[in-house]
Amino acid sequence: MSGGHGHGDSQVNSGPKGSDTHKHKDKHKDKDHRHKDHKKDKEREKFKHSNSEHKEHSEKKHRDKEKLKHSDGSSDKHREKHKEKDREKRREEKIKSSHDKPKKEKENGYVRAISPAAIKSEPEEDNGFYPSPQHKSSKREYDDEAFEYKPKKVKSEHDKKAQKRKHEYEDDEEDEDIKPKKKTKDKKVTEGKKGKKEEEEKWKWWEEERYTDGSKWRFLEHKGPVFAPPYEPLPDKVKFYYDGKPMKLSAPAEEVATFFAKMLDHEYTTKEIFRKNFFKDWRKEMTSEEKSKITDLNKCNFSEINEYFKAQSEARKQMSKEEKQKIKEENERLLQEYGFCVMDNHKERIGNFRIEPPGLFRGRGDHPKMGMLKRRIRPEDIIINCSKDSKHPKPPPGTKWKEVRHDNKVTWLASWTENIQGSIKYIMLNPSSRIKGEKDWQKYETARRLKKCVDRIRAQYREDWKSKEMKIRQRAVALYFIDKLALRAGNEKEEGETADTVGCCSLRVEHVKLYPKMDDQEYVVEFDFLGKDSIRYYNKIPVEKRVFKNLQLFLENKQPEDDLFDRLNTSILNKHLQELMDGLTAKVFRTYNASITLQQQLKELTCPDDSIPAKILSYNRANRAVAILCNHQRAPPKTFEKSMQNLQSKIDEKQNQLSAARKQLKAAKADHKASHDDKSKKAVEVKRKAVQRIEEQLMKLQVQATDREENKQIALGTSKLNYLDPRISVAWCKKWGIPIEKIYNKTQREKFAWAIDMAEKDYEF
DNA sequence: CGCCGAACTTAGCAAACCTAAC
DNA sequence: GTTAGGTTTGCTAAGTTCGGCG
């Protein structure tokens, strides 16, 4: 079913955005840049190579097949049944939906398809498969083994490092104490108009021991969350009309109506599911009178309300500076009061101290629950977590918390249950906090441990492709994809509760197509599915013959909506991984492959003689390779074309300037030749300088243009923030004398303070 | 096991903010 | 001082993993 469409045609992407059509662009996009490099070819070579290598085994396969199908015993019966149910459902739905609409039709026109694997490059040494990381990780390891107590020896080493760093960062004083203090860094920001910003002097939590008992903190005190402001009824002059007649709504009904009214410009208010869900939930808020009157959403006219809110936001923009300032100050006050907590003697920033306001739920992609009312959260819904001996947060006057508990095995400060999916939401600390940072660091250390044994693991799964047991083969092929393509694990999801998206283990038959031959390649697998956030993953890759044959086997006698890996799920996979390496799970591969790719691309792309902007372009390209690998996409910015044009005209202008300057230089030279005097010689120098300067500026602009163009629909942020060991970037900056600010903005520097502090220029992931 | 809830990480979008160009 | 345009931040949805229970 999914097969029919060419890749530009029919997929959804999630954005609740206006619809424009970019469909075709993507296609071209695929082809041109990002394949400039020869990686792909190398890769192809490799595959050819390994394919032939294993040719001789292929016949035996057939014999094995029969055995295979039954060899994994009966224990899956249950799951089988369950899965079967799902499939059945899907089949039905499909039949239904295939009439009304091409499934997964684009909501806003553009299709997000690029070829993630295209850039993924692997070092050349062909030791059978992947390169072996032979390097020994240097110096102190974060030791990742379950919160082991680290004696102070760590410290001395840090001291040394700290010395070196001193002139660069001049914040050195090690041991923190309890109170907030003045900040020393980031002068530019602090010294400006309001140089009084108070902040805790950098506390180097990474130089301290961690808890070994599984507890996350000893002391925790905070002021509780900030609630959404209460509903303010509309002024009487702003009217809602039903069937053409004005109608005053009760406050609760009106509030929900405003949620809808505010979204009128969004495409999704036109979607049937959205409207249906909204109307159903809206009616629940109505008085019985309203309920009996308002029976048809199509007869509702919210436009006056919509206008009103537009005017409001316009008015907000037009506010005087003083008024704006006042609001800003108020926000700042709120932040100071509620935005921090004290955890184990340190004041730490809270990530999200505001409770999510009520509104209409908009899931991403084709979400069955879109439009449902997300209800207002009250103190009675909130569970507070803090230490017993702390000053407990006070609920707003006249209210109570649902519960106050003192659980130091978790990191959250408050939680509530959300009404759409029934899941729990949390208030937690900012990424710059110790508790997040430690975890982050640990994550990269796990990935580095994987580096040490990845060869073994790869050898293992390659071996498992031949296993007699179906389950093991499936596991091995899935793992291969996770490793090679950086796919997500792919948990099963409850049908009808969320958008239909998949990851590796939950891939269905309809998501892959096999091509024994394609152009000049053999054994090509085409992936086409919606992943997390309903972002489309589209990729064609040649695989080894054995993988291909296995896939054919897995596909036998199955319907499009059946699971590709019917004997596999994430828990089986992760259990296996756990046995291969302590702490290994599917997502570690993503982290590992992302980080190793960055490191390796940086090595490859950075030219020592390049200017700083050119080096940064290289960095961005390396970053981009990772983003492509991980399929981190974004909608092309609305103003992309225009901004591109602007940039181009700037370039043109520069070019003109340059030729003018060159002419002048020439003239000056001629002049000098003629006169040979000092003055004309000087003039030549001046002109030469001018030319040079303009050349540089031009270069910079061109670099910028390239960078932007290449980045059109690729989002670098996600990988930078979540997948790339920051120490790689820090080391790169140090090695090439690039100011860290060029790579990480303020927030990022805060999050990665640990890495900035500890990584030296020779750091190896 | 299989299932489920809890906890925590990862994700893209859009509002807010900032800054450089008029 | 405005505005245009880029960048940052906030928001919150959507994943993964883990552990406990029957």
Side-chain angles (χ1 to χ4, degrees), chain A residues 13-17 75-79 81-82 108 112 189 216 266 313 316-318 321 324 327-328 331 335 351-357 359 361-365 367 369-370 374 383 385 407 409-412 415 417-418 420-426 428-431 435-436 439-440 443 488-494 497-499 501-506 530-535 569-575 577-578 583-588 590-591 594 627 630-635 637-640 642-643 646-647 650 704 708 713 715 717-719 721-723 745-748:
Chain A
N13 105 78
S14 59
K17 315 185 64 265
S75 59
D76 315 85
K77 283 283 155 61
H78 278 91
R79 204 184 64 252
K81 236 197 289 179
H82 172 73
N108 65 1
R112 316 175 134 199
V189 183
K216 307 292 170 72
H266 268 125
S313 79
R316 222 171 316 122
K317 270 189 235 156
Q318 297 306 319
K321 247 205 247 148
K324 281 184 184 165
I327 292 176
K328 219 172 151 186
N331 274 332
L335 172 69
N352 56 328
F353 57 92
R354 283 171 208 271
I355 301 276
E356 298 172 17
F361 174 81
R362 179 23 165 137
R364 308 190 223 236
H367 198 116
K369 300 197 171 179
M370 65 169 83
K374 202 168 84 163
I383 301 173
N385 193 30
D407 180 357
K409 299 282 189 273
V410 297
T411 68
W412 52 269
S415 73
T417 302
E418 153 266 359
I420 303 289
Q421 318 278 358
S423 63
I424 306 173
K425 301 252 182 167
Y426 302 92
M428 291 182 185
L429 297 193
N430 193 72
I435 211 154
K436 294 287 185 188
K439 201 77 188 299
D440 206 36
K443 172 180 76 186
R488 295 187 185 83
N491 288 299
E492 52 266 75
K493 316 168 47 180
E494 223 177 319
E497 296 294 302
T498 57
T501 62
V502 298
C504 187
C505 294
S506 51
L530 299 182
K532 180 174 177 181
D533 292 321
S534 291
I535 297 293
N569 60 36
T570 52
S571 119
I572 294 173
L573 178 66
N574 279 335
K575 221 161 271 165
L577 292 175
Q578 192 57 240
L584 187 60
T585 62
K587 85 191 187 83
V588 178
R590 242 166 111 80
T591 312
C630 295
N631 202 36
H632 291 141
Q633 302 189 33
R634 62 166 184 176
K638 287 169 290 274
T639 54
F640 185 83
K642 202 171 80 192
S643 90
N646 290 162
L647 197 51
K650 265 193 195 168
Q704 203 186 340
R708 195 179 298 176
Q713 20 177 206
T718 304
S719 49
L721 233 50
N722 299 303
Y723 288 105
N745 68 29
K746 182 156 164 285
T747 322
Q748 294 166 161

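Just so it is clear: chains get the letters A, B, ... in the order the sequence lines come, proteins before strands, and each one is counted from 1.
Counting distance only, with no hydrogens placed and no angle test, the side-chain atoms of A/K532 and the base atoms of B/dT10 include a donor-acceptor pair under 3.5 Å.
Backbone-only engagement by A/N574 is indicated by non-hydrogen atom pairs under 4.0 Å involving sugar-phosphate atoms exclusively. Residue contacts shown for A/K324 are absent, as no nucleic acid heavy atom lies under 4.0 Å away. A/A586 comes within contact range of the sugar-phosphate backbone alone, with a heavy-atom separation under 4.0 Å but no base atom that close. Looking at heavy-atom distances under 4.0 Å, A/G422 makes no contact with the nucleic acid at all. Looking at heavy-atom distances under 4.0 Å, A/G717 makes no contact with the nucleic acid at all. Among the heavy atoms of the strands lying under 4.0 Å from A/P357 are primed sugar atoms or P, OP1, OP2 only; no base atom is included. As judged by a 4.0 angstrom heavy-atom cut-off over every strand, A/N745 is placed among residues touching the sugar-phosphate backbone only. Residue A/T498 is out of contact with every strand shown, counting any heavy-atom pair closer than 4.0 Å.
With C/dG15, C/dT17, C/dT12 as the candidates, the nucleotide lying closest to the side chain of A/T501 is C/dG15. The A/S643 side chain lies nearest to C/dG6 when the options are C/dT12, C/dG6, B/dA11. For A/M428, the listed nucleotide lying nearest its side chain is B/dC8; candidates were B/dA11, B/dC8, C/dT12. Among the nucleotides C/dT16, B/dC8, C/dG15, the one closest to the side chain of A/W412 is B/dC8. Comparing B/dA11, C/dT16, B/dA6 by their nearest atom to the side chain of A/H632 picks out B/dA11.
Applying the 4.0 Å criterion to OP1 and OP2 of B/dT9, one finds that A/K436 has a side-chain N or O inside that range. The phosphate of B/dT9 (OP1 or OP2) has no side-chain N or O of A/Y723 nearer than 4.0 angstrom. A close approach under 4.0 Å does occur between a side-chain nitrogen or oxygen of A/K443 and OP1 or OP2 of B/dT10. Residue A/T718 places at least one side-chain N or O closer than 4.0 Å to OP1 or OP2 of B/dG12. Listed pair A/N646 / C/dA4 fails the phosphate criterion, with no side-chain N or O lying under 4.0 Å from OP1 or OP2. Considering only side-chain N and O atoms, A/H367 lies under 4.0 angstrom from the phosphate OP1 or OP2 of C/dA14. OP1 or OP2 of B/dC8 lies within a sub-4.0 Å distance of a side-chain N or O belonging to A/T411. Applying the 4.0 Å criterion to OP1 and OP2 of C/dG15, one finds that A/K587 has every side-chain N and O outside that range. Residue A/K425 places no side-chain N or O under 4.0 Å from the OP1 or OP2 atom of B/dC8. For C/dG6, one of the phosphate oxygens OP1 or OP2 lies less than 4.0 angstrom from a side-chain nitrogen or oxygen of A/R708. Considering only side-chain N and O atoms, A/N722 lies nowhere under 4.0 angstrom from the phosphate OP1 or OP2 of B/dT9. Between C/dT17 and A/T585, a contact under 4.0 Å exists linking OP1 or OP2 to a side-chain N or O. A sub-4.0 Å separation between OP1 or OP2 of C/dT16 and a side-chain N or O of A/N491 is present.
A/K369 NZ: more than 12 foreign heavy atoms inside a 6.0 Å radius.
Spacing between atom CZ of A/R488 and atom P of B/dC8 amounts to 21 Å, rounded to whole angstrom units. Straight-line distance from the CD atom of A/E492 to the C1' atom of B/dC3: 10 Å, rounded to whole Å. Atom P of nucleotide B/dC8 and atom CD1 of A/I424 are separated by 11 Å, given to the nearest angstrom. When rounded to the nearest whole Å, the span between CD of A/Q578 and P of C/dG19 equals 9 Å. Straight-line distance from the CD atom of A/Q421 to the P atom of C/dA13: 8 Å, rounded to whole Å. Atom CG of A/D533 is separated from atom C1' of C/dA14 by 6 Å (rounded to the nearest Å). A/Q713 has its CD atom 17 Å from the C1' atom of B/dA11, to the nearest Å. Atom CZ in A/R316 sits roughly 6 Å away from atom P in B/dA16 (whole-Å rounding).
The nearest heavy atom of DNA chain C to A/N430 and to A/G490 marks one nucleotide each, and the one closer to the 5' end goes with A/N430. Comparing A/K650 and A/S415, the nucleotide of DNA chain B nearest to each residue sits closer to the 5' end for A/S415.
In this model, a donor atom of one side chain and an acceptor atom of the other lie less than 3.5 Å apart for A/S643 and A/R708. Remark: the A/T585 side chain and the A/N574 side chain contain no N/O donor-acceptor pair separated by less than 3.5 Å. Side-chain contact annotation: A/K443 with A/T591, donor-acceptor N/O pair under 3.5 Å absent.
Rounding to the nearest 0.5 angstrom, the gap separating the CZ atom in A/R634 from the CD1 atom in A/I535 is 12.5 Å. The structure places CH2 of A/W412 at 7.5 Å from CD1 of A/I424, a figure rounded to the nearest 0.5 Å. Between atom CG of residue A/N569 and atom NZ of residue A/K575 there is a gap of 8.0 Å, rounded to the nearest 0.5 Å.
Between A/E418 and A/K374 there is no salt bridge, since no side-chain N of the basic residue sits under 4.0 Å from a carboxylate O of the acidic one.
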